[in-house]
Amino acid sequence: MLAFTIYLSFAGALVSALLPGSRPAVARWWALLVSGTSLALAVAGFSQGMGQGRVVLVDVLWVPSMGIHYMLAADGISRVLVLLTGLAAVAGVLFSWNIDLRTNQFFAFYLALIGGVFGVFLSGDLFLFFVFYEIAIVPKYFLIAIWGSTRREYGAMKLALYSFVGSAMVLVGLLASYANTGSHSTTLDALAAAHLPLAFQMWCFPLVFVGFAILAGMWPFHTWAPTGHVAAPTAASMLLAGVVMKLGAYGCLRVGIGLYPHGLDPWGFTLLGLGSWRDVFALLAVIGIVYGALVALAQTDFKFVIGYSSVSHMGFVLLGLVTLNQIGVTGAVLQMFSHGVIAGLLFGIVGRIVYERTHTRQLAELETMHLGRRLPFAAWAFVIAGMASMGLPGFSGFVAELQVIVGSWRANPWWTAAAGVGIIVGVAYTWRALQKAFFADGIPHLHSHDREHGFAAITWPEATGVALLGLTSLAVGLYPRILLDTIEPAVKTLLAGGAQ
Amino acid sequence: MNYDKLFLATLPITMLEAAALLVLVVDLAFLRRASLALRNTSAVLLGLSGCVAGLWALLWAPAEKAVWGYSLPGSHELLLNNMFFSGAAQSGILLLTALTMLFLVGSSFTRHVGEYVAVVLMAAAGGLIISAAQDLLVIFIGLELLSLCLYILTAFQKSSARATEAALKYYLFGGMSAAFLLFGFSYFYGLGGSTNLAVIQSTIAHNGPSPMLYVAWVLVATGLGFKVAAVPFHLWAPDTYEGAPAPAVAFIASVSKVASFSLLLTLATNWIQASYCSMTANPHEGMMHGSMGSMDMSGGMAGCVCPPMRIPSQFVLVLVAMAALSMVIGNLAALAQTSVRRLLAYSAIAHAGYILVGIAYTSPDAVTYYALTYGLTSIGSFGVVSVVEQATGSDRLDSFLGLSKKNPLIASILLVLLLSLAGIPPLVGFWSKFNLFAAVLKLNAGVLPFALIAVAIAMSAVSLYYYLQVLKAAWVSPAADDRPVKAGVLNTLVLMVIALAVLALGCFPAALEGWIRSFYPMM
């Protein structure tokens, strides 16, 4: 059933491209119908899969001469991320309800992107994985370049080239592994079972891991993320932060750690205190956490604050992955879900609800607008999203980051100490943005005419989108077992190096 | 070999030549006063039927598939090898020729349509000869037939100064490179004592390596590097691509490339083919009967001690150097172009670089796959360029502005084709690259091929930038004016078929691959 999320999205994209451009409402409702059905399928697949292990959905020999399978498979990690994609897709459509320019094309690219993302999370074959991964790159370029805002062509091209360079690194690694195993199948199981030589894993692992981590926003390859997020239209920022960055992290986990388990082994010597790729990537992740948070603290553009906070939060995902212990990796997967929901919510509030009414994202200008009083819905939605983002108990972010922290403490207490700094700064930048944008009542009006006209009322798509994402984060925060029960067994098998 | 067998074995070429003559006669004798549209249509129809007949003769006619010559009494030497190893390239040449001719309908760059189609058909015949030739003289005859026709095609728009300039440049470079090639061939003759590739190969293997071989391979690589537009022999390409009429460019970019790469493959792997053919056929009894099914592979190969597939190391070095230079310089130079034709010319140079990697590391089926699919995609790209040119009068990036609004269908076709050239799945360009790189890496030949592949993949990441520049103009930027971009029904239909084929072959890569592999029985 989950496989139909992919087909439905691609078919929906094709139909959307053929819809009349003069009737934006048709395209909107069509996109909502398609993404809503995908979400329903994802929820159904998720609940069906509870308590089950890995299930192969489709397995057809695709290119016999190279042993490439068209194989879709779902384990707990996939199901959770497919669910996230479904949620983000619906919320994205709701938050782009106001797109009037070439609406049919917008949703065609949008749904094609979603289809690619579903495909990546469900792929059971390395090359199918790569195919879907690349399919997800191209629509992003057009979404940002056509419908974006600030420096959109620059941001879009930067993002496309970073992604493509990353996937080029991955492709080199994949081709090398394929040639090296000499196996007759490229399914992830077969490649994992082929036990690549140790020396090979040592150099191939960092290549593939960095290639994927570029898309996950790993410092110092993160610079595409803030510019891309800011340039993108709201729905695209939501997807970018919500699911596309997760593609990178998922690739690091499923392919990087899954296929090259010994790539993280010690080198046998230490250089500047680093003794393995694990140390290197943990260091980069920790730098990303702290650096992203500190830079977010200094931003004057509201959307850049969220953009850098994404870099910081994705640092937790990467840190969790390289702990290589049950609790840390589980935390990383949960953090993927949690950050996907929360970042989507934050971008929706900032990019859509606030910006479409105030036409500015500068904190200094927002300070003068008394949004806390004039847009109470936005203010309180942001309070909730901000609390979730800070990692307050009761929200998904808390459970996820706690697990990552505990996992990394077991692996190396120093990492935890540094990451803890990131959490504290995280509270600071969220608080600062919240206070400046919404509750700066002490500052007098600069724009006296603003007093005259009120802001447009909150529309139903906005309210629904906020409710969908906010309640999800709250539900997972209050009862994390609903996801953890699915994630934990999958992580256990993956770490045991057994079947993917 | 008697003459009726010779006739049967050269039937595909004969079909093309007959069609060429027929086109000339019909145009000259019956249609002198007819409208250009009618003459166009009849010439294209006759040309198409020539290609179809050639294809029938090649694939289905119960005919001789090899042409043998006798230089000395009692010896036999393979001149043309029409089926195995070259069959895929030959079929591709005929199909792609037919596609490029279709663009003639509705175009108006020349009034001499009969001559144009005749020259195209003769060029295709030259292509058929070089992709099957096993003898230096036959190679040279085929190559000159192809080249001379290409010079004429480039200059066909007599009223255009740019076309004349392009043709002159092409001709001067071409004449020079043919001289180099012939000089190289003379060394081979001197070293091998024969014009037959298999004999040369075995004589050289017997006598041991000679330093003269390096000279010979470098000279040959110079001549053929020109044909495939590999750096540093690429200088003609941007000017020719820019100046020549669009259908001619489509032909040069596809058919001529496929044939030339097939020839390079023959030179690189000739003795493998020769030994295979002499094992499966005894020319004295005339047993080389065509259809693939009748060939008993296992029986034929039973007594064969298959030597490892390796091509002369001197040639590998030259090819590797050309490949690396072409990939890097082609892709980097393309970044700076504002003329889409020149951009595609540099991208063609880059693609030639990727293919040369495959030839250097002997992956004939992957190379053929790449050359054929690249030819198909570039015909489509030039088709789109010519549609835009006819509407706006220019091929600058600016004239693509707002194409998605002016003609969404053509813009979508451009999207598919350029993304395929950039190697984005699930389009066929991805699989041809992937197939080629995987085939090279599978040989486990050491660090050098791996480094080349890494360069190739890194350079494809670079190439995305310039393809996106074109797509940005077509899809992102607003239109500068509201002149419509209209395409003829047939043109649109052909372009749509090409785009759908690019998508379908990308989604089901195994079909084409299996078909090509069936021509390489030793794989």
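Below, read A as the first sequence line, B as the second, and so on, with proteins coming before strands; counting in each chain starts at 1.
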Legend entry - Atom of A/Gln105, atom of B/Ser404 and distance for their closest heavy-atom approach: NE2-O, 4.4 Å
Legend entry - Largest heavy-atom contact set with chain A, pairs under 4.5 Å, which of B/Pro408, B/Ala422, B/Pro426: B/Pro426
Legend entry - For chain A, the option from B/Ala510, B/Gly514, B/Cys507 that forms the most heavy-atom pairs under 4.5 Å: B/Cys507
Inset, instruction - Please state whether the side chain, the backbone, both or neither of A/Ala156 comes within less than 4.5 Å of a heavy atom of chain B. - result: neither
Inset, instruction - Pick one of side chain, backbone, both or neither for A/Val165, based on which atoms fall under 4.5 Å of a heavy atom in chain B. - result: both
Inset, instruction - Would you mind reporting whether B/Phe450 and A/Val172 have side-chain heavy atoms less than 4.5 Å apart? - result: yes
Inset, instruction - To the nearest 0.5 Å, tell me how far A/Ile137 CD1 sits from B/Leu464 CG. - result: 8.0 Å
Legend entry - Test item: B/Pro509 and A/Trp62 side chains (from C-beta on) under 4.5 Å apart, heavy atoms: yes
Inset, instruction - May I ask you to check whether over 12 heavy atoms, not counting those of A/Phe4, lie within 6.0 Å of atom CZ? - result: no
Inset, instruction - Look up atom CZ in A/Phe142 and atom CG in B/Leu468, then write down how far apart they are to the nearest 0.5 Å. - result: 6.0 Å
Inset, instruction - Nearest 0.5 Å please: distance from the CD atom of B/Glu513 over to the CE atom of A/Met66. - result: 4.5 Å
Inset, instruction - Sort B/Lys405 into side chain, backbone, both or neither according to what part of it lies under 4.5 angstrom from a heavy atom of chain A. - result: neither
Legend entry - Structural part of A/Leu175 lying under 4.5 Å from a heavy atom of chain B: both
Legend entry - Interchain contact, B/Ala439 with chain A, by part (heavy-atom threshold 4.5 Å): neither
Legend entry - Which atoms of A/Arg102 approach chain B - backbone, side chain, both or neither, heavy atom under 4.5 Å: side chain
Legend entry - Engaged part of A/Ala160 at the chain B interface, taking heavy atoms whose separation is under 4.5 Å: both
Inset, instruction - Supply the atom-to-atom distance B/Trp431 CH2 to A/Phe127 CZ, rounded to the nearest 0.5 angstrom. - result: 8.0 Å
Legend entry - Interchain contact, B/Leu415 with chain A, by part (heavy-atom threshold 4.5 Å): side chain
Legend entry - Note, A/Phe130 side chain near B/Phe430 side chain (heavy atom, < 4.5 Å): yes
Inset, instruction - Determine the sole option in A/Val63, A/Leu174, A/Val131, A/Ile68 for which the side-chain contact (heavy atoms from CB on, under 4.5 Å) test with B/Phe434 is passed. - result: A/Ile68
Legend entry - Interface moiety of B/Tyr465 toward chain A, non-hydrogen atoms closer than 4.5 Å: both
Inset, instruction - Could you pull out the closest heavy-atom pair between A/Ser65 and B/Lys442, with the gap in Å? - result: O-NZ, 4.2 Å
Inset, instruction - Check whether A/Tyr70 gets within reach of chain B through its side chain, its backbone, both or neither, counting any heavy atom under 4.5 Å. - result: neither
